[in-house]
Amino acid sequence: MPDTLSPLFPAMLPNRHGMLAVDALHTIYWEECGNPDGIPVLFLHGGPGAGLSPQHRRFFDPQRYRVILFDQRGAGKSTPLGEWRNNTTQLLIDDIEQLRAHFGIEQWLVFGGSWGSTLALAYGEAHPEACLGFVLRGIFLCTQAEIDWFIEGVRWFYPDLYEEFAALIPEDERGDLLAAYVKRILSSDPEVYWPAARAWSRFEGRRVYLMPQPEESPNDALDLGVGRLESHYMANLGFLEEDQLIRQLHRIAHLPAVIVQGRYDAICPPLSAYRLHQAWPGSQLEMIPDAGHGALERGIASALVNATQRFQPGRGFV
């Protein structure tokens, strides 16, 4: 069981890891942890572009689960870092299927938070036959309203953070901050894209947790991956049709799901989790009353671990 100081399981190292070339441009990093004969589970990180952390392995009992994790295109240890070309939701779905074939897995539990919940839903709706069920956290349906909230609506709660974010952009371009940032972040000039990528990453990172956290050391890989890929995906509405994930939910509505949501999530507000739950008969919604967006906030982490502990193939979350 998880250690007494944390709801998470103790740290573990991968049994094996490697790189998989998914096209002529992109090579993705993967790792396999836990019990090779256990329940297969796919972990999908957030962002897009945030990449993996060793903490992500700790949501799963290493005796029960065969855990597959990977850095999505342009993220973490995948190469090229921050590459936005040949990078769409549909291509990420194809990458997941390549990984499933690579590991010889017929079906797996799909676990994803934030953008990882978006990708989990899009993948499941494209390949329902490959899914045993879903554990989803901090729901992002990638609608225009959610993207508008991420950029503009949050000023109601973080006016100082918004002012800092907007200050990088000349006044005559502030009517469309997303377009202004995309133009800079996707520039080929490091003197242009680095300040914009770092500002974007700070704009998101400082509102992840309900309670303020100590300032972290600069992380160029995270800043570039998150800045470039989040802005790229948001500018293209996640390469999805408006409200596609709700409209096509019938494709996976027969599968079990647990939805974990922080009540005070300032990145992915609770309405999206509530809409998903309302549209998904039989899904379980756990609204955590003292949490924001962070997967490692104690209430959220406890609910996620509890969900993985309760999952039984063929029976759902018992």
Side-chain angles (χ1 to χ4, degrees), residues 26 44-50 72-75 82-96 110 112-127 134 136-155 162 165-166 169 173-187 193 196-197 199-201 203-204 207 224-252 259 261 265-276 278-280 293:
H26 289 275
L44 298 174
H45 67 67
Q72 296 159 28
R73 294 185 181 212
E83 180 56 71
W84 53 274
R85 288 164 293 194
N86 289 8
N87 203 328
T88 68
T89 303
Q90 291 71 32
L91 290 172
L92 297 184
I93 290 170
D94 292 344
D95 294 348
I96 294 170
V110 182
S114 194
W115 161 256
S117 74
T118 320
L119 183 56
L121 290 167
Y123 170 74
E125 290 174 5
H127 297 281
F134 299 84
L136 305 173
R137 187 266 312 167
I139 303 304
F140 184 61
L141 300 173
C142 216
T143 62
Q144 186 65 61
E146 290 165 297
I147 294 169
D148 291 345
W149 162 267
F150 182 90
I151 301 292
E152 297 287 344
V154 74
R155 69 194 301 182
Y162 177 86
F165 182 66
I169 306 300
E173 294 184 63
R174 291 179 190 172
D176 190 343
L177 284 176
L178 177 55
Y181 264 92
V182 167
K183 181 172 72 173
R184 288 160 175 80
I185 290 175
L186 301 188
S187 166
Y193 69 69
W200 182 287
S201 184
F203 181 57
E204 177 179 22
R207 51 184 160 124
L224 189 64
V226 165
R228 279 195 163 172
L229 297 184
E230 283 190 356
S231 59
H232 165 63
Y233 271 76
M234 287 187 184
N236 289 281
L237 296 176
F239 301 92
L240 301 167
E241 297 178 3
E242 179 66 10
D243 221 18
Q244 174 181 324
L245 298 178
I246 293 293
R247 289 188 291 101
Q248 296 186 358
L249 193 62
H250 63 275
R251 298 181 179 180
I252 54 172
I259 302 164
Q261 178 70 38
D265 191 331
I267 293 177
C268 300
L271 178 59
S272 297
Y274 189 75
R275 291 188 65 226
L276 181 64
Q278 291 292 97
W280 197 332
H293 185 70

Can you tell me how the ring of Phe203 sits relative to the ring of Phe150, calling it parallel under 30°, perpendicular over 60° and tilted otherwise?
perpendicular
Using the six-membered ring wherever Trp is involved, compare the ring planes of Phe165 and Tyr181 and label them parallel, tilted or perpendicular (cut-offs 30° and 60°).
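The arrangement is parallel - the two ring planes meet at less than 30°.
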With Arg174, which residues qualify under side-chain contact (heavy atoms from CB on, under 4.5 Å), at least two apart?
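Arg174: side-chain contact (heavy atoms from CB on, under 4.5 Å) contacts with Ala166, Ile169, Glu171, Leu177.
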Who passes side-chain contact (heavy atoms from CB on, under 4.5 Å) against Asn86, sequence neighbours left out?
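If we apply the side-chain contact (heavy atoms from CB on, under 4.5 Å) test to Asn86, skipping adjacent residues, the hits are Asp23, Leu25, His26, Arg73, Leu91.
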Just list the side-chain donor-acceptor pairs under 3.5 Å for residues 119-127, sequence neighbours left out, or say none.
| from | atom 1 | to | atom 2 | distance (Å) |
| --- | --- | --- | --- | --- |
| Tyr123 | OH | Glu97 | OE2 | 2.6 |
| Tyr123 | OH | Trp108 | NE1 | 3.3 |
| His127 | ND1 | Glu129 | OE2 | 3.4 |

Kindly indicate whether the side chain of [X], heavy atoms from C-beta on, has any atom under 4.5 Å from the side chain of [Y].
X	Y	answer
Thr88	Asn236	no
Val110	Leu136	no
Ile259	Tyr274	no

Using side-chain contact (heavy atoms from CB on, under 4.5 Å), reason through Arg275 and Asp243 one step at a time and then give a plain yes or no.
CA-CA 11 Å; Arg275 291 188 65 226; Asp243 221 18; 2.7 Å; yes
Does Phe140 offer a backbone N or O that forms a donor-acceptor pair with the side chain of Ser117 under 3.5 Å?
yes
Is it true that a side-chain atom of His293 and a backbone atom of Arg207 form a donor plus acceptor pair closer than 3.5 Å?
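A pair under 3.5 Å: no.
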Start with the C-alpha gap between Val182 and His232, add the side-chain angles, then the distance that decides, and say whether side-chain contact (heavy atoms from CB on, under 4.5 Å) holds.
CA-CA 7 Å; Val182 167; His232 165 63; over 6 Å; no
Any chance you could measure Ile139, atom CD1, to Glu146, atom CD, to the nearest 0.5 Å?
9.5 Å
How long is the gap from OG on Ser231 to CZ on Arg184, to the nearest 0.5 Å?
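Rounded to the nearest 0.5 Å, the OG-CZ separation comes out at 12.0 Å.
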